[in-house]
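Notes for the one structure printed next.
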There are 2 protein chains.
Amino acid sequence: MPTPPERPVSVRRYPCEKCPLRPLKIFREFEPKELAFISRFKKGELAVDKGATVLVEGSHSAHLYTVLTGWGFRYKLLSDGRRQILNYVMPGDLIGLQGSVMGEMQHSVEALSSMMLCVFQREELNELYSNHPGLGYDITWIAAREEQMLDENLLSVGRRSALERAAYLIAFLGSRAKSVGLNGSQKLNLPITQQHIADTLGLSLVHTNKTIRKLINRKLVLWRDGGCEIVDIEGLMQLARWEGLGEARRPLV
Amino acid sequence: MPTPPERPVSVRRYPCEKCPLRPLKIFREFEPKELAFISRFKKGELAVDKGATVLVEGSHSAHLYTVLTGWGFRYKLLSDGRRQILNYVMPGDLIGLQGSVMGEMQHSVEALSSMMLCVFQREELNELYSNHPGLGYDITWIAAREEQMLDENLLSVGRRSALERAAYLIAFLGSRAKSVGLNGSQKLNLPITQQHIADTLGLSLVHTNKTIRKLINRKLVLWRDGGCEIVDIEGLMQLARWEGLGEARRPLV
DNA sequence: CGGCCTTTTGATCGTTCTCAATGAACGTGG
DNA sequence: CCACGTTCATTGAGAACGATCAAAAGGCCG
C-alpha cells in the first residue's frame with residue numbers, strides 16, 4: 001500500500017554540524033565552507049514509516065534525500081507485478097539523484113524500517129555545482145559507487161548459483177552496514193524478509209527459503225526475530241567468491 | 001586474448017569542433033566556452049582493434065574515454081571464468097569514469113568492433129569541475145543514465161523469462177543504436193555473437209541459441225552475417241513489456 | 001584443404017518454479 | 001484472556017525451464 005510522500009517536517013533535530021554520521025571514519029572530512037553550504041542546502045528532515053513509499057517510479061520529485069537513519073530499498077516493477085529489488089539504501093546514502101538529474105524517477109524506493117531523511121532542494125543542485133565544485137565531484141563519486149554496486153549485483157544475479165547469490169547478498173549488506181556502524185556489538189542483523197531476498201536475487205520465495213536453510217545448516221547465518229543475523233561473513237564471502245567492498249573513504253552529502 | 005591498451009595516438013582526425021557526433025539531435029548543444037574546454041581536455045585519439053581489451057578490471061587508468069566510433073562492452077568475471085556482460089558502449093558513451101573517480105576499475109571493457117576513442121586526461125577532471133560546473137553536472141547526468149540502464153538490465157536478468165530477456169536486450173541495443181544514428185537506412189545490425197547475448201542475459205549459450213530461434217520464428221529478428229538484425233522492434237518491446245528509453249537529449253563530453 | 005569460430009540440434013540432467021498446505025509469531029478487538 | 005486475521009517461514013510434490021553434454025554443420029580465412 002503505497003503511502004504518498006509526506007511533506008518535509010521543518011524541525012531539525014540533526015543540524016549538519018552535529019551530524020551523527022559525519023564523524024564516522026568511512027566518510028571523508030569536509031571543508032567548513034562545504035559544510036556550511038550543505039547545512040544551507042538542507043531544507044529539513046523527513047520521517048518515514050516502515051513500509052512507506054519514499055519515491056515512486058515515474059514521479060518528478062522536487063527533492064533529493066540523504067538517509068540519516070534506517071534502511072530502505074530501490075526497486076522496479078514489471079507491468080504484471082514481478083518485482084526486482086535493485087539495491088538497498090542505508091545511512092549516508094543519497095536517494096533520488098536520478099530523478100533530480102534526469103527529471104523523472106525510473107525506480108521506486110520503500111522504507112524497510114522507519115527512516116529519517118535529510119531533505120535537499122533539487123533546484124539548488126546547480127548552485128552546488130557552481131559554487132562548490134568539490135561537492136559536485138562528490139556527487140559524481142557517489143553515482144559511480146552506486147554503479148559499481150549495481151555491476152556487482154548484476155554479476156551475481158546473472159552468473160552466480162542460488163546459494164552463491166544468497167551468500168553474496170548477505171555478505172554485501174553486512175559489509176555495508178558495518179561500514180556505517182550499524183553493527184550492534186559484533187552481530188549484524190538485517191531487517192529484511194525472505195521475500196526481499198527473493199526479489200533481490202531473482203529467485204522464487206520458496207526456493208529462496210530452501211537456499212537460506214542451506215546457509216543456516218552450514219552455520220553461516222541465523223534467522224531470527226524476523227531478520228537475518230550474520231554468523232560467518234568470511235565463509236559467506238568465500239562461498240560467493242566475493243572480494244568485498246573497497247575500503248575507500250567516501251563523501252557524505 | 002587481452003591486449004594491453006595502446007598509448008594514445010596524437011593524430012587528431014576529429015577535432016571537437018568538427019565532431020561527427022555532436023550535431024546529432026540526441027545530444028544537447030554546448031556553449032562555445034565549454035566546447036573550447038573539451039577540445040583542450042581532449043588529449044588525442046585511440047584506435048582499438050576488434051576484440052582488444054580497452055580497460056582492465058583492477059587497473060588504475062590515467063585516462064577517460066569517449067567513444068567516437070564502434071561498439072564495445074563492459075563486463076566482470078568471476079574467479080572461475082564465468083562472465084557477465086554489464087552493458088554495451090557505443091558512440092557518445094563515456095568509458096572509464098569509475099576508474100577516474102574512484103581510483104580503480106571494477107570492470108573491464110572490450111571492443112566488439114574496431115573503435116575510435118577520444119582520450120581525456122584524468123587529472124584534468126578537477127579543472128573541469130572547477131571551471132565548468134555545467135560540464136560537471138553533465139558528467140553526473142551521464143553517470144545517472146548509466147545507472148538507469150543498469151537498473152533496467154538487472155530487472156531483466158532477475159525477473160524476465162529467457163524469451164523476454166532476449167527480446168528486451170535486442171530492443172534495448174537497437175534503440176540505443178538508432179539514437180546515435182547507427183542504423184544504415186532502416187535496418188539495425190548488431191555486431192554481437194550469441195555468446196555475448198548469453199553472457200549478458202545470464203543464460204547458457206545453448207539455451208540462448210534456442211531462445212533466439214524462437215524470436216526468429218516469430219519474425220522479430222533475423223540472424224545473418226554474424227550478427228543480429230532487427231525486424232520488428234515494436235514486437236520485441238511488447239514481448240518484453242518494455243517501455244523504451246527516455247527521449248531526453250543528453251550531454252556529450 | 002584444414003583449422004577455427006560460431007551456430008545448430010538432440011538428449012538427458014538438475015536446478016528452480018509453481019502449487020498447495022501447514023505452522024509460528026504477532027497484534028487487535030471482543 | 002482468547003479468537004481471529006495477518007504476515008512470514010517452512011515443507012513436499014510435481015512440473016517446467018534452463019544447464020550440460022555431445023556432436024555436427026556452416027562460414028571464413030590462411
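Numbered from 1 within each chain, the chains take letters A, B, ... in sequence-line order.
For the helix from C/dC1-D/dG30 to C/dG30-D/dC1, the end axes, each set by the C1' atoms of five terminal pairs, are bent relative to each other by 30° (nearest 10°).
Rounded to whole Å, the distance from NZ on B/K50 to P on C/dC5 is 12 Å. Put simply, CD on A/E164 is 12 Å from P on C/dT15, counting in whole angstrom units. To the nearest angstrom, C1' of D/dC8 lies 17 Å from CZ of A/R224. Rounded to an integer number of Å, the gap from NE2 of B/H196 to C1' of C/dT7 is 14 Å.
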Please output the side-chain donor-acceptor pairs of residues 201-217 of chain B that fall under 3.5 Å, not counting sequence neighbours, one pair per line with the distance.
residue, atom, partner, partner atom, Å
B/S204, OG, B/H207, N, 3.2
B/T208, OG1, B/S204, O, 2.7
B/N209, ND2, B/Q194, OE1, 2.8
B/T211, OG1, B/H207, O, 2.7
B/N217, ND2, B/R213, O, 3.4

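Annotation: cation-pi geometry satisfied between B/R160 and B/Y168 (NZ/CZ under 6.0 angstrom from ring centroid, within 45° of ring axis).
Not a single side-chain hydrogen bond (donor to acceptor under 3.5 Å, both in side chains) links A/S108 to another residue, sequence neighbours left out. Residues forming a side chain to side chain contact (heavy atoms under 4.5 Å, CB included) with B/V67 (at least two apart in sequence, or on another chain): B/V89, B/P91, B/I95, B/M115, B/L117. Applying the side chain to side chain contact (heavy atoms under 4.5 Å, CB included) criterion to B/L222, with sequence neighbours excluded, gives B/R224, B/E229, B/V231. Remark: A/D199 engages A/R83, B/R159 in a salt bridge (Lys or Arg N to Asp or Glu O under 4.0 Å) (not counting sequence neighbours). With sequence neighbours excluded, the residues forming a side-chain hydrogen bond (donor to acceptor under 3.5 Å, both in side chains) with B/R241 are A/S79, listed by chain and number. Taking the side chain to side chain contact (heavy atoms under 4.5 Å, CB included) definition, one finds that A/S100 meets it with A/L64, A/R122, A/L125, sequence neighbours left out. Taking A/Q148 as the reference, B/Q98, B/M102, B/Q106 meet the side chain to side chain contact (heavy atoms under 4.5 Å, CB included) condition, with sequence neighbours excluded.
A centroid separation of 6.0 Å or more is found between the aromatic rings of B/H63 and B/F120.
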Verify side-chain contact (heavy atoms from CB on, under 4.5 Å) between B/L77 and B/R82, making sure each step is shown before the conclusion. CA-CA 6 Å; B/L77 296 175; B/R82 282 175 283 180; over 6 Å; no
For nucleotides 10-27 of chain D, give me one character per nucleotide, 5' to 3': B if any protein heavy atom sits under 4.0 Å from the base, S if the only such contacts are to the sugar-phosphate, - if neither. BBBB----BSBB------
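By the 4.0 Å N-to-carboxylate-O rule, B/D93 lies close enough to B/R176 to be salt-bridged with it.
Donor-acceptor pairing under 3.5 Å is recorded for the side chains of A/T200 and A/Y88.
Non-hydrogen atoms lying under 4.0 Å from DNA chain C are contributed by nothing in residues 82-90 of chain A.
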Check nucleotides 24-27 of chain C against the protein and report each pair of N or O atoms closer than 3.5 Å, with its distance, or say if there are none.
none

